[in-house]
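One structure below.
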Amino acid sequence: MPGSADPLLELLRGEVLDVAPRLLGATLRHTTAEGTVAVRLSEVEAYDGPNDPGSHAYRGQTARNGVMFGPPGRLYVYFTYGMHFCCNVVVGPPGRASAVLLRAGEVTEGAELARVRRSRSTDRDLARGPARLCQALAIGRAHDGSDLTSGPLTLTPGEPPRTPATGPRVGLRLAAEWPWRFWVEGDPTVSAYRRSPRAS
DNA sequence: CCTACGATCGTCT
DNA sequence: GACGATCGTAGGT
């Protein structure tokens with residue numbers, strides 16, 4: 001029978017718009033020599049490869065976005081604004097190039113270590129925003145392409161909300177109004193909405 | 001609470 | 001040469 005025994009890969013097989021809200025409540029956990037930090041996701045965004053003007057894959061494969069075109073269950077990490085990293089989970093079959101941006105969550109394990117990594121942050125803001133989340137978890141360029149089903153960096157599906165909130169994506173110039181952002185209603189760790197100054 | 005702005009550099013045109 | 005799937009700070013309401 002088809003079907004992987006791995007519940008994460010089972011989930012990531014679906015269409016990105018179905019998968020994204022189901023990743024709410026999942027836990028991303030990273031163990032390093034310093035210790036373990038875990039974040040339970042409260043906010044994500046869907047990106048649908050070549051069909052999506054807001055996606056890094058919209059203009060096809062490049063050196064940067066290569067991981068998006070690979071198998072599901074890997075982490076796509078990119079560097080932006082000359083100083084920040086953000087991370088996505090690759091979704092769907094190889095070549096589809098769809099992914100879910102992990103935008104925010106609550107630190108549920110290793111808060112002490114996360115506070116060291118983000119020394120001026122309140123607990124609420126430790127992973128409130130995609131670059132903050134990567135900083136709290138010490139995710140960087142070295143983790144681009146990481147397999148999330150095993151190893152030091154794992155994603156474990158959890159209990160998604162019955163009715164996730166949806167709305168426009170944050171910070172995009174193109175296709176920002178597509179309601180492809182999903183979050184847990186009322187969760188204080190959801191990031192503040194910011195419209196791009198260049199949005200059309 | 002809000003809006004405005006500068007930092008800083010890899011990536012693509 | 002332009003532009004970010006951002007963040008922290010500064011200042012006003």
Side-chain angles (χ1 to χ4, degrees), chain A residues 16-17 19-21 23-24 28 39 41-70 74-92 96-107 114-146 148 155 164-183 186-200:
Chain A
V16 69
L17 285 181
V19 172
L23 287 174
L24 295 172
L28 184 62
V39 170
L41 301 176
S42 63
E43 181 189 6
V44 299
E45 274 174 6
Y47 287 87
D48 190 18
N51 307 312
D52 178 358
S55 170
H56 287 172
Y58 185 52
R59 287 175 175 79
Q61 188 167 356
T62 67
R64 175 176 68 158
N65 66 21
V67 170
M68 291 184 83
F69 289 79
R74 311 277 258 259
L75 199 67
Y76 164 51
V77 180
Y78 68 93
F79 180 67
T80 192
Y81 289 99
M83 62 192 93
H84 299 304
F85 292 98
C86 299
C87 68
N88 300 245
V89 181
V90 177
V91 173
R96 189 72 181 73
S98 58
V100 175
L101 173 68
L102 308 183
R103 284 200 54 88
E106 176 191 358
V107 174
R115 286 184 202 110
V116 172
R117 291 172 176 163
R118 291 188 37 75
S119 57
R120 304 194 195 196
S121 175
T122 62
D123 279 6
R124 180 199 190 198
D125 287 352
L126 282 173
R128 186 176 181 235
R132 292 166 169 179
L133 181 149
C134 282
Q135 198 181 352
L137 286 163
I139 288 170
R141 173 157 292 140
H143 304 99
D144 189 34
S146 282
L148 294 171
L155 182 63
T166 72
R169 296 183 290 189
V170 177
L172 279 72
R173 184 169 58 89
L174 301 174
E177 302 310 313
W178 297 11
W180 286 10
R181 183 167 69 119
F182 302 90
W183 67 92
D187 189 313
T189 65
V190 173
S191 73
Y193 177 71
R194 293 183 179 179
R195 189 176 189 274
S196 167
R198 297 191 179 85
S200 38

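Residue numbers start from 1 in every chain, and the chains themselves are labelled A, B, ... in the order their sequence lines are given, proteins ahead of strands. Since this is a predicted model, take the numbers as computed values, not measurements.
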Nearest heavy-atom neighbours spanning V190(A) and A104(A): CA-CB, 4.4 Å
E45(A): side-chain hydrogen bond (donor to acceptor under 3.5 Å, both in side chains) partners, not counting sequence neighbours: Y47(A)
Results of salt bridge (Lys or Arg N to Asp or Glu O under 4.0 Å) for D187(A) - residues two or more places apart only: none
Any donor-acceptor N/O pair, S98(A) side chain to V16(A) backbone, under 3.5 Å: no
With sequence neighbours excluded, residues passing side-chain hydrogen bond (donor to acceptor under 3.5 Å, both in side chains) with D52(A): R169(A)
Non-neighbouring partners of R195(A) that pass side chain to side chain contact (heavy atoms under 4.5 Å, CB included), sequence neighbours left out: E177(A), Y193(A), A199(A)
Comparing R128(A) and R141(A) on DNA chain B - which has the more 5′ nearest nucleotide: R128(A)
For DNA chain B, the dot-bracket pattern of Watson-Crick and G-U pairs whose distances stay under 3.5 Å, | for other-strand partners: |||||||.||||.
Under 3.5 Å donor-acceptor pairs involving side-chain atoms of residues 79-86 of chain A, not counting sequence neighbours:
none

Residue list, ring pair (Phe, Tyr, Trp, His ring centres under 6.0 Å) with W180(A), at least two apart or on another chain: W178(A)
List the atom pairs, with distances to 0.1 Å, where a side-chain N or O of residues 131-142 of chain A and a protein N or O form a donor-acceptor pair under 3.5 Å, not counting sequence neighbours.
{"unit_1": "R132(A)", "atom_1": "NH1", "unit_2": "R128(A)", "atom_2": "O", "d": "2.7"}
{"unit_1": "Q135(A)", "atom_1": "OE1", "unit_2": "R118(A)", "atom_2": "NH1", "d": "2.9"}
{"unit_1": "Q135(A)", "atom_1": "NE2", "unit_2": "R117(A)", "atom_2": "O", "d": "3.1"}

Interface with DNA chain B, restricted to residues 41-64 of chain A and to heavy atoms under 4.0 Å: R59(A), T62(A), R64(A)
Touch class at under 4.0 angstrom, heavy-atom based, for L172(A) against every strand present: sugar-phosphate
Check against salt bridge (Lys or Arg N to Asp or Glu O under 4.0 Å), D144(A) and R74(A): CA-CA 8 Å; D144(A) 189 34; R74(A) 311 277 258 259; over 6 Å; no
Covered region of DNA chain C, 5' end to 3' end, by chain A [heavy atoms, under 4.0 Å]: dG4(C) to dT9(C)
R173(A) (side chain) donor-acceptor with R198(A) (main chain) under 3.5 angstrom: no
Residue closer to the 5' end of DNA chain C, P130(A) versus F79(A) (nearest nucleotide): F79(A)
For A99(A), side chain to side chain contact (heavy atoms under 4.5 Å, CB included) partners two or more places apart: M68(A), N88(A)
Minimum-distance pair of heavy atoms, taken over all atoms of V170(A) and R194(A): CG1-O, 3.3 Å
Please list, for nucleotides 4-6 of chain B, all pairs of protein and nucleotide N/O atoms separated by less than 3.5 Å.
none

5' precedence on DNA chain C between R120(A) and C87(A) (nearest-nucleotide basis): C87(A)
